[in-house]
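This structure is a prediction, so every number in the text was calculated from the model and none was measured.
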Amino acid sequence: MTKTAERRPVPKAAAHPVPAPPPVGGRRRRRLAEQARAYAFLLGGLICFALFSWYPAIRAVVIAFQKYTPGSSPEWVGTANFSRVLHDPEFSAAWRNTLAFTVLALLIGFAIPFLLALVLNELRHAKAFFRVVVYLPVMIPPVVSALLWKWFYDPGTGLANETLRFLHLPTSNWSNGTGTALVSLVIVATWANMGGTVLVYLAALQSIPGELYEAAELDGANLLQRVRHVTVPQTRFVILMLMLLQIIATMQVFTEPFVITGGGPENATVTVLYLIYKYAFLYNDFGGACALSVMLLVLLGAFSAGYLRLTRSEGDA
């Protein structure tokens, strides 16, 4: 009887070979190629920024230290432009009006959008319609909006005084009075720009979990207490961010005083940006205009740094 042939184990199919990692030099070259493609797509935008934003800013800083008039070669004068601007009587008036405009805009134009967002958030019907109504002024060109308000504020036949006469109330000089002109411009700026702010607030309010409001109601909190202890803490980052952005925007107000009041009456509405315009295009003093622009740039740069730090800290949180 023959012995049964010993069975040899059948070799299993070899597993898929693991590819060897690419060499370090290959990974570096591939990363550099990807970055090069990304920067190639960004090249058009970078060129536009360089030509229309960075170069004018750098050029303005240089001209701030020169005596420069169109058609003549620039002459280096050091800090003479800054000294002349600082001793200009309109300088203090422009900064005082700009700071007052900013404070009034925070008092009037910062609270109203938040309150409107609270009202829109509580609506149950026609939300889309009222959002369009609130945002509609933003879609009107700023110059057109300013011209409409200039007619509205007309002390003779303007709609504001006609309404007051119809109600048998005393009329006002509005934009023509030294005591009311700046407040009138703040109202215009608030009406024209609050639509976008309201929508940002509304988005922040709708992101608040409803369970927080339900818990507050179970604890017996009324509407004001819910706003104070739930709404404001949950939206504090958005509030601070929009506050900084509003300060940066209102410090550069120009359209309203230029179109409605022309800086008057008695320099009551001359702002820093409007004074820069006067130096450049009325006084033909580009050195003084650039010196004033550099001062404003430094101040706004500080607020911008605060805004970037705030957004970065919130993103890291």
Colleague: If hydrophobic clusters are built from ILVMFWY residues whose side chains come within less than 4.5 Å, do Ile140 and Leu159 share one?
Modeller: yes
Colleague: To the closest 0.5 Å, what do you measure between CG (Leu199) and CG (Leu120)?
Modeller: 8.5 Å
Colleague: Do you know the tightest heavy-atom contact between Gln66 and Asn81?
Modeller: O-ND2, 2.7 Å
Colleague: Do you know the tightest heavy-atom contact between Gln252 and Leu273?
Modeller: O-CD2, 3.0 Å
Colleague: Name the orientation class of the two ring planes belonging to Phe152 and Trp149 (parallel below 30°, tilted from 30 to 60°, perpendicular beyond 60°).
Modeller: perpendicular
Colleague: Step by step, work out the side chain to side chain contact (heavy atoms under 4.5 Å, CB included) result for Tyr201 and Thr235.
Modeller: CA-CA 8 Å; Tyr201 278 136; Thr235 58; 5.7 Å; no
Colleague: Side chains of Leu185 and Val253: closer than 4.5 Å at any heavy-atom pair?
Modeller: no
Colleague: For the residue pair Tyr68 and Phe286, does the interplanar ring angle fall in the parallel (under 30°), tilted (30 to 60°) or perpendicular (over 60°) class?
Modeller: perpendicular
Colleague: Taking atom CD of Gln35 and atom OH of Tyr39, what is their separation to the nearest 0.5 Å?
Modeller: 6.0 Å
Colleague: Taking the side chain as every heavy atom from C-beta outward, state whether Glu256 and Thr261 have any pair of such atoms under 4.5 Å apart.
Modeller: no
Colleague: If you apply the rule side chain to side chain contact (heavy atoms under 4.5 Å, CB included), what do you find for Met251 with Val272, and how did you get there?
Modeller: CA-CA 8 Å; Met251 290 289 289; Val272 175; over 6 Å; no
Colleague: Mind listing the closest non-hydrogen atom pair of Ser145 and Ala192 along with its distance?
Modeller: OG-CB, 4.0 Å
Colleague: About how many Å separate CG of Leu296 and OG1 of Thr98, when rounded to the nearest 0.5 Å?
Modeller: 8.0 Å
Colleague: Would you kindly say whether Trp174 and Asn161 are connected by a side-chain donor-acceptor distance under 3.5 Å?
Modeller: yes
Colleague: On a heavy-atom basis, which atom in Val85 and which in Gly288 lie closest, and how many Å separate them?
Modeller: CG2-O, 3.6 Å
Colleague: Are Ile63 and Arg59 side-chain neighbours, meaning at least one heavy-atom pair lies under 4.5 Å?
Modeller: yes
Colleague: Are Phe254 and Met295 in one and the same hydrophobic cluster, where Ile, Leu, Val, Met, Phe, Trp and Tyr link if side-chain heavy atoms are under 4.5 Å apart?
Modeller: yes
Colleague: Can you measure from CG (Leu107) to OG1 (Thr190) and round to the nearest 0.5 angstrom?
Modeller: 10.5 Å
Colleague: Could you verify whether a donor N or O on one side chain and an acceptor N or O on the other, from Asp88 and Tyr279, lie under 3.5 Å apart?
Modeller: yes
Colleague: Do Met139 and Tyr135 touch side chain to side chain, with heavy atoms closer than 4.5 Å?
Modeller: yes
Colleague: Decide yes or no for Tyr153 and Ile187: does some side-chain heavy atom of the first lie under 4.5 Å from some side-chain heavy atom of the second?
Modeller: yes
Colleague: Determine whether the side chains of Tyr274 and Thr269 contain a donor N or O and an acceptor N or O closer than 3.5 Å.
Modeller: no
Colleague: Is any side-chain heavy atom of Phe114 closer than 4.5 Å to one of Thr231?
Modeller: yes
Colleague: Which value, rounded to the nearest 0.5 Å, describes the distance between Leu32 atom CG and Arg30 atom CZ?
Modeller: 11.0 Å
Colleague: Nearest 0.5 Å please: distance from the CD atom of Glu122 over to the CG atom of Leu205.
Modeller: 9.0 Å
Colleague: Find out if a path of hydrophobic residues (ILVMFWY) with successive side-chain heavy-atom gaps under 4.5 Å connects Trp151 to Val188.
Modeller: yes
Colleague: Same cluster or not: Ile58 versus Leu300, using hydrophobic residues (I, L, V, M, F, W, Y) connected whenever any side-chain heavy atoms lie under 4.5 Å apart?
Modeller: no
Colleague: Phe281 and Leu292: same hydrophobic cluster, using ILVMFWY side-chain contacts below 4.5 Å?
Modeller: yes
Colleague: Verify side chain to side chain contact (heavy atoms under 4.5 Å, CB included) between Val138 and Asn193, making sure each step is shown before the conclusion.
Modeller: CA-CA 6 Å; Val138 180; Asn193 301 304; 5.9 Å; no
Colleague: Salt bridge check: are Arg84 and Asp285 linked by an N-O gap of less than 4.0 Å?
Modeller: yes
Colleague: For Asn97 and Asn267, work out which heavy atoms get closest and say how close.
Modeller: ND2-O, 2.8 Å
Colleague: I'd like to know if Glu34 and Arg31 make a salt bridge, using a cut-off of under 4.0 Å between side-chain N and carboxylate O.
Modeller: no
Colleague: How close do Ile248 and Ser304 get, counting heavy atoms only, and between which atoms?
Modeller: CD1-OG, 3.7 Å
Colleague: For residues Phe82 and Phe65, establish whether the separation of their ring centroids is below 6.0 Å.
Modeller: yes
